[in-house]
Undergrad: 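What follows is a structure written as C-alpha cells; I'll ask about it next.
As the structure lists them, so they are numbered: ligands from 1, and atoms in each ligand from 1. The chain is numbered in sequence order, starting from 1.
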Amino acid sequence: MVRINDNYLKLKAGYLFPEIARRVNSFAQANPDAPIIKLGIGDVTEPLPEACRSAMIQAVEDMGDRDRFKGYGPEQGYGWLREKIAAHDFQGRGCDVDASEIFISDGSKCDNGNILDILGADNTIAVTDPVYPVYVDTNVMAGHTGEADDSGKYGGLVYLPMSAANDFVAPLPDRPVDLIYLCFPNNPTGAVASRETLQTWVDYARAHGSLILFDAAYESYITDPAIPHSIYEVEGARECAIEFRSFSKNAGFTGTRCALTVVPKSLRGTTSDGTLTDLWSLWNRRQSTKFNGVSYIIQRGAEAVYSEAGQDQIQTLIAFYLENARIIREKLQSVGITVYGGVNAPYVWVQTPGGLSSWDFFDQLLHTCHVVGTPGSGFGSAGEGYFRISAFNSRANVEEAMARITAKFA
Ligand SMILES: *Cc1c(COP(=O)(O)O)cnc(C)c1O
C-alpha cells in the first residue's frame, strides 16, 4: 500500500476561516434579512487596472499571430519583465539587485512554500506570533516540526511574539536560529519595520549565518518615506535575505497570479559536510525543473504595472484602500477603541474593547453590527485580544460598517 506524508496529519485542521464561515452562515440563516458586511478576507475588491487589462488583451492577440506567438518562455520569467522590476523596484531605491536575481512566479504563496525545497531539514526556524499561516504550515508539511500543542504551537519552531509592548515588531530570538520568516508591512497586524529594525535583523542573521525570508507583499502600501520597501535597502541583506513580492495586493492580481522572488547570487548556505554553496543556483535549478514559467499574457499584464499609466492606476488603487484604512482607524478611535496598523498597510489591528477575547468580539460585531472581521487569535496565540479589519472593500461598505460600529460603541 502506498505511504502518505505523515506530516500532513500534524496540521491543525484549517480552523480560522472555516470557523468564521460557520458562525456567519448560522447567523445568516437565523437572520436572513441582516445585511452582513465582510471586512474579513485578505483579498482585493477593485477591478484590474486598465493598463494591465489592455496589455493582456494585446498579448492574447500576440498569441493568435504566427509571428508573435509564444510557446514555453524562460522558467525564470521574461527578461523584459525582470529588467523593469530590477530597475524600478530595486535599483531605483538604491538596492543592488540584478534582473538575473529575480524569478517570476505565479504567486508568493507558492514561492514561500517552495523555497523549502532548497533548504535542509535540520534548520532551527523562527516565525512571528501572530503569523501568516503559510510559513508555518509549509514547514509542518516538510517535516520540520513536531506536533501542535493545545495553543496551536508546533514543537520545534521558535515563536517570536509581537504585541503592543514591542510595537508589533518581532523581537530577536533568545536562541540561535537558522531560518527567519519576516513579513513587513505585516499581515495581520499592519505594522511596519523601520530601517533600524531591519538592520538589527540583518546584523543578527549575518552574525549567526541565518537566512531571512522577507515577505514584502504589502510594500506598495508604505507611504512613510523613512520606511524601507525592500530588505535590500539595508546594508548586508544581500548576504542573508531572500525577498518575496507579489502583484496581488498592489495591482489586484490575486485572481490573475503573478509574483517574484529575489535570490541574490551572493547568498550562501552550507552542505551537510560544511561546504559553502550558493542558493541562487539551487533555486534556479528548482524552478527550471519543477516550474515552466508564468503565462506570457500575464507577464505582459504585470509589465504594464511599470508603464506611466500603470503606475498612476496602481497608485490610485493603493490610495483608495489606504483611505478605507484611514476611515476605519479614525471611526474606531472616535469611539475610544484602540487600533494599530492601517497607515502603511491595508490592515487595521484592533485591540478588542473591554478586554473581550478575539472570538467574543467577533460574535458581538456579527450579532449587533452584522460586520465580519478576523479574530486575531486565529493567527497565533499572541493575537488573542486583537481583531483584524481589512481595508479591502468598497467605500460604501466601509462607511456603512463603521457607522454601525460607532453607533453601537458610542
Ligand atoms: C496576499 C499575501 C501574499 C501574496 O500571495 P500571492 O500568492 O502572490 O497572491 C503573500 N504574503 C502575504 C503575507 C499575503 O498576505
Undergrad: Measure from the ring center of F214 to the ring center of F244 and say whether it is less than 6.0 Å.
TA: no
Undergrad: Is it true that T254 lies under 4.0 Å from ligand 1, counting heavy atoms only?
TA: no
Undergrad: Measure the distances from the heavy atoms of F247 to every atom of ligand 1 and state whether one is below 4.0 angstrom.
TA: no
Undergrad: With sequence neighbours left out, write down each residue that passes ring pair (Phe, Tyr, Trp, His ring centres under 6.0 Å) with F90, or none if nothing qualifies.
TA: none
Undergrad: Hey, is ligand 1 close enough to N187 that some N/O pair sits below 3.5 Å?
TA: yes
Undergrad: Measure the CG-CD1 distance between L366 and I36 for me, rounded to the nearest 0.5 Å.
TA: 6.0 Å
Undergrad: Tell me whether the NZ or CZ atom of R300 lies within the 45° cone about the ring axis of W80 and under 6.0 Å from its centre.
TA: yes
Undergrad: What residue and heavy atom of the protein are closest to atom 7 (O) of ligand 1, and at what distance?
TA: R257 NH2, 2.7 Å
Undergrad: So, regarding S246 and ligand 1 (criterion: nitrogen or oxygen to nitrogen or oxygen, under 3.5 Å), is there a contact or not?
TA: yes
Undergrad: If you look at every heavy atom in Y340 and A164, which pair is closest and at what distance?
TA: OH-CB, 3.4 Å
Undergrad: Which atoms from ligand 1 have a heavy atom of K109 less than 4.0 Å away?
TA: 5 (O), 6 (P), 7 (O)
Undergrad: Looking only at protein heavy atoms, identify the closest one to atom 11 (N) of ligand 1 and say how far it is in Å.
TA: D215 OD2, 2.7 Å
Undergrad: Is the shortest N/O to N/O distance between Y347 and ligand 1 below 3.5 Å?
TA: no
Undergrad: Nearest protein heavy-atom contact for atom 2 (C) of ligand 1: which residue, which atom, what distance?
TA: K249 NZ, 2.5 Å
Undergrad: Side-chain polar contacts of residues 391-402 - donor-acceptor pairs under 3.5 angstrom, sequence neighbours left out - could you list them?
TA:
{"from": "N393", "atom 1": "OD1", "to": "N397", "atom 2": "ND2", "distance (Å)": "2.9"}
{"from": "N393", "atom 1": "ND2", "to": "K38", "atom 2": "O", "distance (Å)": "2.7"}
{"from": "S394", "atom 1": "OG", "to": "N397", "atom 2": "N", "distance (Å)": "3.1"}
{"from": "R395", "atom 1": "NE", "to": "N324", "atom 2": "OD1", "distance (Å)": "2.7"}
{"from": "R395", "atom 1": "NH2", "to": "F320", "atom 2": "O", "distance (Å)": "3.2"}
{"from": "R395", "atom 1": "NH2", "to": "N324", "atom 2": "OD1", "distance (Å)": "3.4"}
{"from": "E400", "atom 1": "OE2", "to": "R404", "atom 2": "NE", "distance (Å)": "2.8"}
{"from": "E400", "atom 1": "OE2", "to": "R404", "atom 2": "NH2", "distance (Å)": "3.4"}

Undergrad: What are the two closest heavy atoms between V350 and F361, and how far apart are they?
TA: CG1-CE2, 4.4 Å
Undergrad: Just to be sure I'm reading this right: ignoring hydrogens, which of Y181, F244, F184, Y218 gets closest to atom 15 (O) of ligand 1? Compare them by their nearest heavy atoms.
TA: Y218
Undergrad: Side-chain contact, heavy-atom cut-off 4.5 Å: Y386 with V339?
TA: no
Undergrad: Heavy-atom distances under 4.0 Å decide this one: backbone, side chain, both or neither, for A217 against ligand 1?
TA: side chain
Undergrad: OH/Y159 to OG/S381 distance, rounded to the nearest 0.5 angstrom?
TA: 8.0 Å
Undergrad: What atoms of ligand 1 come within less than 4.0 Å of a heavy atom belonging to S248?
TA: 6 (P), 8 (O), 9 (O)
Undergrad: Could you tell me, atom by atom, which parts of ligand 1 come under 4.0 Å of a heavy atom of G107?
TA: 7 (O), 8 (O)
